[in-house]
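As structure tokens, the structure follows; a few thoughts come after it.
Computed from heavy atoms alone, side chains included, the values below leave out hydrogens, waters and symmetry copies. Each ligand, and each atom within it, is numbered from 1 in the order the structure gives.
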Amino acid sequence: MLKETVLSGIRSTGFLHLGNYFGAIRNYVRMQEEYNCYFFVANWHSLTTHPDTSELRTSVHRVMAENIACGLDPEKVALYVQSDLPEIAELYLYLNTMAYKGELEKTPTFKDKVRQNPENVNAALLTYPVLMAADILIHRAVKVPVGKDQEQHLEIARNYVQRFNHRYGNVFPEPHAFNYGSKLVKILSLDGNGKMSKSENQMNTLYLADEDDQVIKKIMKAKTDSGPSTPNEEKPDYIENLFTLLREVSAPDVVKKYEDDFNNSSAGNCIIRYGDLKKQLAEDMVQFITPIREKVNAILGDENYLKSVMKIGAEKAKVSAEATITAVREAMNLNYH
Ligand code: AMP
């Protein structure tokens with residue numbers, strides 16, 4: 001049976017964090033066994049918000065190494081760098097003709113970026129979802145393992161597929177966001193302020209590169225409160241976030257203990273001790289992060305290996321990208337000889 005095609009990418013804008021791991025990479029690692037997978041380092045996307053490229057090479061190498069250290073096998077998947085595939089830029093141009101300004105201006109990620117960087121509202125930032133659609137459609141991927149923050153971009157990509165297929169004939173299948181769980185994952189920043197992200201709020205972000213003492217320090221000062229006021233209360237999002245992390249890295253009986261403590265607590269009878277919960281979480285998180293960090297450092301020390309991974313990845317990805325661009329040009333009457 002023909003395997004379904006999967007695509008996903010991570011921007012080279014800094015160190016990877018737990019949001020990237022639980023929202024994206026963990027799925028990649030599982031999917032590589034079952035699907036025809038393309039994963040890439042999105043270095044073009046990083047230019048929209050990080051125009052200074054002096055650290056870009058280091059950052060691309062790091063994201064590559066972090067993906068491999070988390071379990072991606074360059075022999076099983078095509079692991080490549082976005083700028084090694086100029087076919088994506090060509091498809092981006094065609095898709096831009098069916099991308100409407102009003103629709104792009106409404107995307108929450110665009111609005112966020114404008115708020116964060118009001119002095120650099122460039123056209124590439126506005127058309128970020130168009131480039132993302134080109135990334136996906138260049139391999140005619142149908143499953144896109146991403147975090148919840150990307151859901152709307154997938155909807156936009158499906159709009160372009162419908163518009164393209166309607167205008168020029170059936171070339172693309174519709175891509176969908178994918179997660180093994182029932183819902184897409186979102187890891188919050190440890191202060192509860194928005195999602196965990198690579199370049200903002202670094203003291204409240206847990207990076208795969210963090211040393212043990214940093215992990216402990218950050219978790220111990222994560223936001224909590226004085227506890228629930230009634231039994232079985234709904235958890236505030238910053239508390240739920242700590243439980244989400246606990247469920248990921250701690251033993252089931254540990255999780256159950258704190259769940260029970262929370263559910264049995266009320267005003268005047270607070271059983272749950274957030275200090276203990278955070279201490280346990282910090283300990284388990286150190287066990288989780290340390291082997292990944294050590295592996296990343298070993299891979300980064302072998303530049304020849306990294307270069308060969310990127311070269312082989314680009315060659316694999318090119319085969320599929322060329323086939324798509326040929327089909328697109330044909331459908332659009334752009335083939336003259
Ligand atoms: P980015 O860091 O924006 O390049 O995102 C790379 C991947 O990680 C995308 O699939 C995102 O959906 C996912 N991701 C980033 N931040 C988070 C987060 N805080 N929670 C869950 N997934 C995330």
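- Under the salt bridge (charged side-chain N to carboxylate O under 4.0 Å, His left out) rule, Asp149 has a single partner from Lys113, Lys195, Lys186, which is Lys195.
- Glu155 has no carboxylate O lying under 4.0 Å from a charged side-chain N of Lys106, or vice versa, which leaves the two without a salt bridge.
- In this structure, Lys235 is positioned above the aromatic face of Phe262, its NZ or CZ under 6.0 Å from the six-membered ring centre and within 45° of the axis.
- Under 4.0 Å from any atom of ligand 1, one finds heavy atoms of residues Gly9, Ile10, Arg11, His17, Gly19, Asn20, Gly23, Ala24, Val146, Gly147, Asp149, Gln150, Val185, Lys186, Ile187, Lys195, Met196, Lys198.
- When each of Leu79, Asn27, Leu72 is checked for a side chain to side chain contact (heavy atoms under 4.5 Å, CB included) with Gln32, only Leu72 meets the rule.
- Among Lys218, Lys217, Arg293, the single residue meeting the salt bridge (charged side-chain N to carboxylate O under 4.0 Å, His left out) criterion with Asp210 is Lys218.
- Of the options Ile136, Val142, Ile138, Leu91, a side chain to side chain contact (heavy atoms under 4.5 Å, CB included) to Phe172 is made by Leu91 and by none of the others.
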